[in-house]
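A short worksheet on the structure shown next.
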Amino acid sequence: MIEVNNLAVKTETQTLLEPLSFRIQKGESIGVLGESGAGKTMLTMALLQLLSSPLQVEGSVIVHDQDLGLLSNEQLRSVRGNTLGYVPQNVQAIFDPYRKIGVQMVETIRAHERTTKREAKRTAIASLREVQLKDEHYHFFSFSVKWRNVATGRDSARFLTSTRTCYCG
């Protein structure tokens, strides 16, 4: 579950994102639409606790009974990698096109989970098989296949904007 309470983004002199509250249960989705510059990306970055000074984030983001604003950077990294994440607008920029996708997936899994290289490789291969892909060079994949690979396997609450997908597993 994701619960957002009066989430706002401000500077010393102005409010950039007006306070917003909502709740998403597992299996539910909401959408946020708006013009360019309306704050969709800022909302996503605030949800993920990725904004820094001089921006001030007010309100709370509760994920599975944890207030993200109270977590250490290490704890946030674990939450971002395992429970909460997003698919960026330019999904093609996620992976290095000159390296095999499987190698990059193993690196990402190991950065977020305490696991052996062998177990991370098994997880990566299972994820690729789930979307009928092999460990091939990433630059051969089409845009839709790249997006499928990033977004695979999420039985979760979803927060959707026109430029981002935020999942909560």
Taking side-chain contact (heavy atoms from CB on, under 4.5 Å) as the criterion, tell me which of Leu47, Val63, Val57 meets it with Leu68.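 Among the candidates, only Val63 passes.
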Give me the one residue out of Asn73, Leu76, Val79 that meets side-chain contact (heavy atoms from CB on, under 4.5 Å) with Gln49.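 With Gln49 as partner, Asn73, Leu76, Val79 yield a single side-chain contact (heavy atoms from CB on, under 4.5 Å), made by Leu76.
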side-chain contact (heavy atoms from CB on, under 4.5 Å) between Leu71 and Gln66, worked out: CA-CA 8 Å; Leu71 300 181; Gln66 287 186 311; 4.3 Å; yes
Pairwise side-chain contact, [X] with [Y], heavy-atom cut-off 4.5 Å (strictly under):
X: Gln56; Y: Glu12; answer: yes
X: Val61; Y: Leu7; answer: yes
X: Thr41; Y: Thr44; answer: no
X: Leu51; Y: Met42; answer: yes

Between Ser60 and Asn5, do the side chains contain an N or O donor and an N or O acceptor separated by less than 3.5 Å?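 Yes - a donor-acceptor pair under 3.5 Å links their side chains.
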Is it true that Ser72 and Gln75 share a donor-acceptor pair across their side chains at a distance under 3.5 Å?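 Ser72 and Gln75 do have a side-chain donor-acceptor pair below 3.5 Å.
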Shortest non-hydrogen contact between Leu17 and Gly39, atoms and distance: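 Taking every non-hydrogen atom into account, CD1-O, 4.1 Å.
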Taking the side chain from [X] and the backbone from [Y], do they hold a donor-acceptor pair closer than 3.5 Å?
X: Arg110; Y: Thr115; result: yes
X: Lys40; Y: Glu35; result: yes
X: Ser21; Y: Asn6; result: yes
X: Thr15; Y: Glu18; result: no

Roughly how far apart are [X] [atom1] and [Y] [atom2], rounded to 0.5 Å?
X: Ile62; Y: Arg23; atom1: CD1; atom2: CZ; value: 10.0 Å
X: Ile109; Y: Thr123; atom1: CD1; atom2: OG1; value: 5.0 Å
X: Gln14; Y: Lys10; atom1: CD; atom2: NZ; value: 11.5 Å

Would you please test Leu16 and Leu55 for side-chain contact (heavy atoms from CB on, under 4.5 Å) and show each step? CA-CA 9 Å; Leu16 303 175; Leu55 300 177; 3.3 Å; yes
